[in-house]
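Have a look at the structure below before the remarks.
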Amino acid sequence: MAIEIPRELLPVDGRFGCGPSKVRPAQIEALSSVGMSLLGTSHRQAGVKNLVGSVRERLTTLFRLPDGYEIVLGNGGSTAFWDAAAFGLIERRSQNLVFGEFGGKFAKAAAAPWLETPDVRQAEPGTATTPEPVDGVDVYAWPHNETSTGVAAPVQRVAADGALTVIDATSAAGGIDFDATQADVYYFAPQKNLGSDGGIWFAAMSPAAIERIDRIAASDRYIPEFLSLKNAVDNSRLNQTLNTPALTTLHLLDSQLEWMLGNGGLSWAAARTAESSGLLYDWASASDVATPFVANPADRSPVVVTIDFDDSIDAATIAKTLRANGVVDTEPYRKLGRNQLRVATFVAIEPDDVRQLIRSIDYVLAQQG
Ligand SMILES: *Cc1c(COP(=O)(O)O)cnc(C)c1O
């Protein structure tokens with residue numbers, strides 16, 4: 001091993017990846033304590049249905065959902081939700097803000113042959129862009145947090161003409177505070193800030209969104225059963241999914257939500273991610289060799305921190321050295337191709353571990369001379 005980082009500089013937990021991300025040891029213990037009665041049991045019986053009900057209730061509390069909003073879930077993660085939205089949520093045309101990989105993927109899914117070409121508003125990676133009301137657009141979509149670049153964008157309703165505001169909160173949910181009344185659909189998968197495992201999408205839906213789903217489902221548009229949002233709404237109301245869900249994902253999410261609510265909920269979580277990310281942004285801003293990738297402080301994500309390095313430093317070597325010392329997944333998003341480190345500062349991650357990460361990076365930089 002090239003460089004051995006002294007033990008006293010290392011984080012207690014070395015998982016800083018943006019997804020799958022750190023699952024707290026207490027969640028794993030909680031899962032193991034119910035493992036024999038939960039895992040391997042039918043998802044049509046009370047045990048699993050109560051678990052789904054608990055997750056739905058806790059998400060409703062965490063997001064302070066207004067009356068009439070519902071938590072809907074289905075299998076396939078956020079990627080499946082994009083296709084489901086193309087089939088069952090976009091009536092004619094969407095506007096998609098694209099400032100990174102994930103926003104771009106929804107824009108591609110929304111370019112379906114039965115819809116009009118999406119109005120795509122593209123911005124350079126590391127910057128954000130804003131929605132603009134356009135006649136004929138009935139869904140405005142963007143990520144709350146663009147995980148590939150570390151740019152966060154506000155959740156703010158666009159138009160009052162019945163168009164829906166649809167937010168990809170996959171890495172933001174439970175880590176950035178927001179006003180739920182400003183979105184019609186706030187969807188995510190729980191393997192990022194919510195510290196669970198993948199495979200299931202969740203969405204907080206407004207009455208207007210559910211009305212839209214019902215209307216499109218009643219039209220003559222062909223919708224595959226697996227991607228039917230109407231199907232998902234109906235099943236969610238019974239605390240179940242169309243087909244078998246990942247029970248481990250549900251349980252890890254439920255115990256994480258219990259922990260978050262017990263500590264003070266969304267405002268507590270947001271303060272904690274702001275503290276952790278602030279440590280890294282301050283460090284990079286003061287550094288001679290590093291700088292925050294996102295130039296505008298207002299656009300900087302509190303949950304995914306991207307740090308560019310000077311040409312004199314090879315960020316990939318830093319990430320590799322950290323990995324060899326048990327500090328993993330600080331590499332940048334693979335397609336971004338920058339001389340960069342990307343660090344998750346999700347709610348599960350201890351701010352003190354972020355302090356130790358910075359000490360470890362400083363040590364590696366000093367050793368590299
Ligand atoms: C990870 C991620 C996705 C994809 O989630 P899957 O559950 O793997 O499909 C979508 N959007 C954002 C913002 C993400 O970070």
Side-chain angles (χ1 to χ4, degrees), residues 15-23 55 59 72-87 89 94 96-110 122-123 125-126 128-129 139-155 165-176 178 183 185-204 226-227 229 232 241 245-246 248-250 252-253 256 273 277 294 299-306 329 331-336 342-349:
R15 292 172 290 174
F16 291 97
C18 290
S21 62
K22 178 183 170 187
V23 178
V55 164
L59 286 170
V72 178
L73 68 158
N75 283 317
S78 293
T79 301
F81 186 84
W82 292 325
D83 287 330
F87 275 109
L89 196 61
S94 59
N96 293 76
L97 308 191
V98 177
F99 40 94
E101 275 298 314
F102 293 106
K105 287 180 182 192
F106 189 19
K108 267 194 191 153
Q122 194 116 20
T129 180
V139 160
Y140 294 89
W142 65 92
H144 195 183
N145 184 69
E146 177 47 75
T147 321
S148 66
T149 62
V151 167
V155 176
T165 299
V166 176
I167 303 296
D168 179 353
T170 305
S171 55
I176 308 180
F178 76 111
V185 180
Y186 188 80
Y187 68 92
F188 54 93
Q191 72 276 19
K192 311 244 167 128
N193 179 72
L194 289 165
S196 176
D197 214 343
I200 306 179
W201 59 260
F202 295 83
F226 180 69
L227 294 171
L229 290 176
T241 44
T248 298
T249 296
L250 289 168
L252 292 174
L253 173 58
Q256 183 70 343
T273 60
S277 56
V294 180
D299 295 339
R300 286 178 194 158
S301 166
V303 285
V304 171
V305 176
T306 46
D329 300 338
E331 291 83 4
Y333 188 76
R334 60 205 141 80
K335 284 191 209 149
L336 198 58
R342 181 180 65 155
V343 178
T345 49
F346 293 151
V347 64
I349 290 164

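When a ligand or atom number is given, it counts from 1 through the structure's own listing order. All residue numbers in this chain count up from 1 along the given sequence. Values reported hereafter were calculated over all heavy atoms of this structure, with side chains retained and with hydrogens, waters and symmetry mates removed.
Using a 30° and 60° split on the angle between ring planes, Tyr187 and Phe106 fall in the perpendicular class, above 60°. Below 30°, between 30° and 60°, or above 60°: for His144 and Phe178 the angle between ring planes is above 60°, a perpendicular geometry.
Under 4.0 angstrom from ligand 1, the non-hydrogen atoms of Gln191 all belong to its side chain.
In terms of N/O distances under 3.5 Å, ligand 1 is not approached by Trp82.
In the vicinity of Lys192, heavy-atom distances shorter than 4.0 Å reach the ligand 1 atoms 1 (C), 2 (C), 3 (C), 14 (C), 15 (O). In the vicinity of Thr79, heavy-atom distances shorter than 4.0 Å reach the ligand 1 atoms 4 (C), 6 (P), 9 (O). Every atom of ligand 1 is numbered from 1 in the order shown, and the set under 4.0 Å from a heavy atom of Ala189 is 7 (O).
Among all non-hydrogen protein atoms, the one lying nearest atom 5 (O) of ligand 1 is Ser78 CB, 3.6 Å. The protein heavy atom nearest to atom 11 (N) of ligand 1 is Asp168 OD2, 2.7 Å.
The closest non-hydrogen atom to atom 15 (O) of ligand 1, taken over Asn193, Thr147, Asn145, Ile167, comes from Thr147. Nearest-residue assignment for atom 12 (C) of ligand 1 (options Val303, Val304, Thr170; heavy-atom criterion): Thr170.
With hydrogens and angles left out, the side-chain atoms of Ser196 and Thr249 include no donor and acceptor closer than 3.5 Å.
Taking the ring axis of Phe81 as reference, the NZ or CZ atom of Lys105 does not stay both within 45° of it and closer than 6.0 Å to the ring centre.
Counting heavy atoms from C-beta on, the side chains of Pro143 and Phe99 come closer than 4.5 Å. In this structure the side chain of Val166 reaches within 4.5 angstrom of the side chain of Leu89, judged on heavy atoms.
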>> For Leu73 and Val55: C-alpha separation, side-chain torsions, deciding distance, then whether side-chain contact (heavy atoms from CB on, under 4.5 Å) applies.
In response: CA-CA 10 Å; Leu73 68 158; Val55 164; over 6 Å; no
